[in-house]
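Written out below as structure tokens is the structure these notes cover.
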Amino acid sequence: MDKSKWDLSTIVGCRKALQAGEISAAELTGLYLERIRQNDSGLGAYLTLCETEAVEAAKRVDEYLAGAVVESNFMEQFLLAGIPYACKDNLTTKGIRTTCASRMLAEFVPLYDASAVERMRDAGAVLLGKTNMDEFAMGSACENSALGKTVHPLDKTRSPGGSSGGSAAAVASGEAVFALGSDTGGSARQPASFCGLVSMKPTYGLVPRYGLVEFASSMDTVCPMTRTVEDNRLVLSVLAGKDPRDMTSLALPEEWYASLKKESLVCGLRGKRIALAADMKRYCDRATAENTVRAAKLLEEAGCIVEEVSLPSPEHALEVYVILTAAESSSNLARYDGIRYGTSGSGDSYREMGADARTMGFGEEVTRRILTGTYALSEAHGGKYFHKIKQVQQNILRQTEEILSRYDAFLMPTTGSTAFPLAVGEKAQDRYDSDRYTVYANLTGLPAIQIPSGGDGRLPTGVSLLGRRYGELELYRLAARLEEMLTGANRTEVCAYGGI
Ligand code: GLN
């Protein structure tokens with residue numbers, strides 16, 4: 001095939017090439033596996049590769065394609081047919097180890113696929129492997145992984161972000177066409193911002209969490225990480241939909257899913273109202289703030305009404321997030337006692353064995369959060385402390401919804417800086433600060449999309465649009481337009497090695 005004619009770095013491009021018969025799914029998977037072989041030892045995006053399974057899955061897609069293509073709405077039905085992807089290692093994969101980058105689960109081979117993984121397979125996507133992350137998704141730099149180090153594709157002295165850092169690095173360096181990540185407080189959007197990618201954190205409940213290893217269940221979400229907005233919409237339209245195995249997943253009217261899948265993203269922006277985060281200088285570096293303002297200006301030039309609005313309770317949101325997630329995680333992670341779940345410990349009693357397993361199995365950050373959470377929930381301080389935090393969360397929700405009743409979307413930086421240096425002995429607090437903007441979508445359950453906003457000349461910066469509940473299509477439309485307007489600026493800093 002003439003590679004200059006076909007863009008094999010995006011889902012849309014791969015679909016075109018597959019549909020035109022220019023490349024087979026097996027060849028496409030072969031190209032990506034080859035890229036991983038050449039590149040990943042220096043990058044560390046993957047913890048586990050599933051080459052054999054990938055080759056077989058691609059072959060099956062080719063068989064279908066050969067049989068179905070003539071009369072076909074095959075590509076319509078199987079939106080991700082033959083597309084090689086990477087999956088964060090906190091989504092269970094049947095027969096393929098799922099570690100959450102923890103010593104505690106280093107040997108865990110699940111008996112079932114996560115709902116998201118099942119949906120990827122049903123849509124024809126080809127799983128290449130499982131990606132590195134911060135242990136149990138707690139962190140912002142991938143540096144809390146107990147099983148490996150991942151570096152930024154553009155600068156090996158820097159972090160790809162976290163916790164879905166492996167997924168971001170894989171896509172940005174052409175080691176996967178797209179990836180699944182998870183986001184509890186920014187874990188998909190922040191690494192996407194560091195690596196110049198697009199990521200949508202959907203409305204809570206839209207994508208089932210079945211098989212997503214819990215961190216803080218009331219905020220955990222599964223997210224697509226892609227190179228483009230259109231690719232992102234394609235993956236989300238496959239992921240969305242109720243699964244009875246997750247009681248927090250929701251069923252929306254059929255038309256809603258149909259529009260997410262089919263409706264054009266091209267739309268007029270005249271009269272759209274955009275709130276722009278005020279006070280950026282307090283929380284951002286210069287390039288990030290300037291690029292956010294530039295995005296706002298472009299929207300204004302395209303007909304939007306842009307007004308500065310203060311973030312709701314900026315002095316509390318991050319703190320509320322830290323305490324709530326610690327509390328939920330301390331309860332969720334109680335099951336890892338080395339008997340019911342996790343690597344076994346030794347001792348003469350259940351207590352001793354559990355203590356040994358947990359001491360050996362959990363890293364420093366996970367331990368810190370469990371202790372913080374146990375403290376917040378304990379009877380002595382307990383009830384009252386936790387209830388107060390829940391009330392502040394409710395206030396933040398009310399304030400955010402009030403803003404979004406007056407504006408179509410809230411534009412803000414995704415995170416305050418470009419990728420940070422891989423730090424030895426960095427304080428946890430400095431890392432928590434990088435979630436200041438992202439936590440709003442998780443505390444409120446609302447959708448938010450990150451897209452690249454340009455860079456500082458060396459590394460990408462990102463901007464986010466926070467939207468109304470189930471307003472994903474609207475966000476994709478705004479983001480697609482912004483992406484188009486920003487394209488020149490974006491491309492210079494993103495995707496280290498370019499695509500395949
Ligand atoms: N960086 C955040 C944290 O450490 C976000 C984690 C996440 O979204 N999983 O909690």
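All residue numbers refer to positions in the sequence shown, counting from 1. Computed from a predicted structure; not experimentally measured. Start at 1 and go down the list; that is how both ligands and their atoms are numbered.
For ligand 1, the polar-atom distance check against A137 finds a nitrogen or oxygen pair separated by under 3.5 Å. Inclusion of G139 in the set of residues having an N or O under 3.5 Å from an N or O of ligand 1 is warranted.
Heavy-atom contacts of S163 reach the following atoms of ligand 1: 9 (N) (cutoff under 4.0 Å). Under a 4.0 Å criterion applied to the non-hydrogen atoms of S140, ligand 1 contributes the atoms 1 (N). Close approach of ligand 1 to G185 (heavy-atom distance below 4.0 Å) involves ligand atoms 5 (C), 7 (C), 8 (O). With ligand atoms numbered from 1 in the order given, ligand 1 contributes 8 (O) to contacts under 4.0 Å with heavy atoms of D183.
Residue, atom and distance of the protein heavy atom nearest to atom 6 (C) of ligand 1 are S187 OG, 2.8 Å. Shortest contact from atom 5 (C) of ligand 1 to any protein heavy atom: Y321 OH, 3.3 Å. For atom 4 (O) of ligand 1, the nearest non-hydrogen atom of the protein is R369 NH2, 2.7 Å.
The 12-atom threshold is exceeded at NZ of K242, counting heavy atoms of other residues, nucleotides or ligands nearer than 6.0 Å. Heavy-atom neighbours of E315 CD from other residues, nucleotides or ligands within 6.0 Å: above the threshold of 12. Residue-environment remark: OH (Y257) exceeds the threshold of 12 foreign heavy atoms within 6.0 Å. Within a 6.0 Å sphere centred on CZ of R335, heavy atoms belonging to other residues, nucleotides or ligands number more than 12.
With sequence neighbours excluded, the residues that form a salt bridge (Lys or Arg N to Asp or Glu O under 4.0 Å) with R245 are E118, D243. With sequence neighbours excluded, no residue forms a side chain to side chain donor-acceptor pair (under 3.5 Å) with S329.
With respect to K201 and D183, no salt bridge is recorded, no charged nitrogen being found less than 4.0 Å from a carboxylate O.
The option from V322, T221, D435 that lies nearest to atom 2 (C) of ligand 1, judged by heavy atoms, is D435.
Y336 and F136 have their aromatic ring centers within a separation under 6.0 angstrom.
By the criterion of a heavy-atom distance under 4.0 Å, the side chain of F215, and not its backbone, is placed next to ligand 1.
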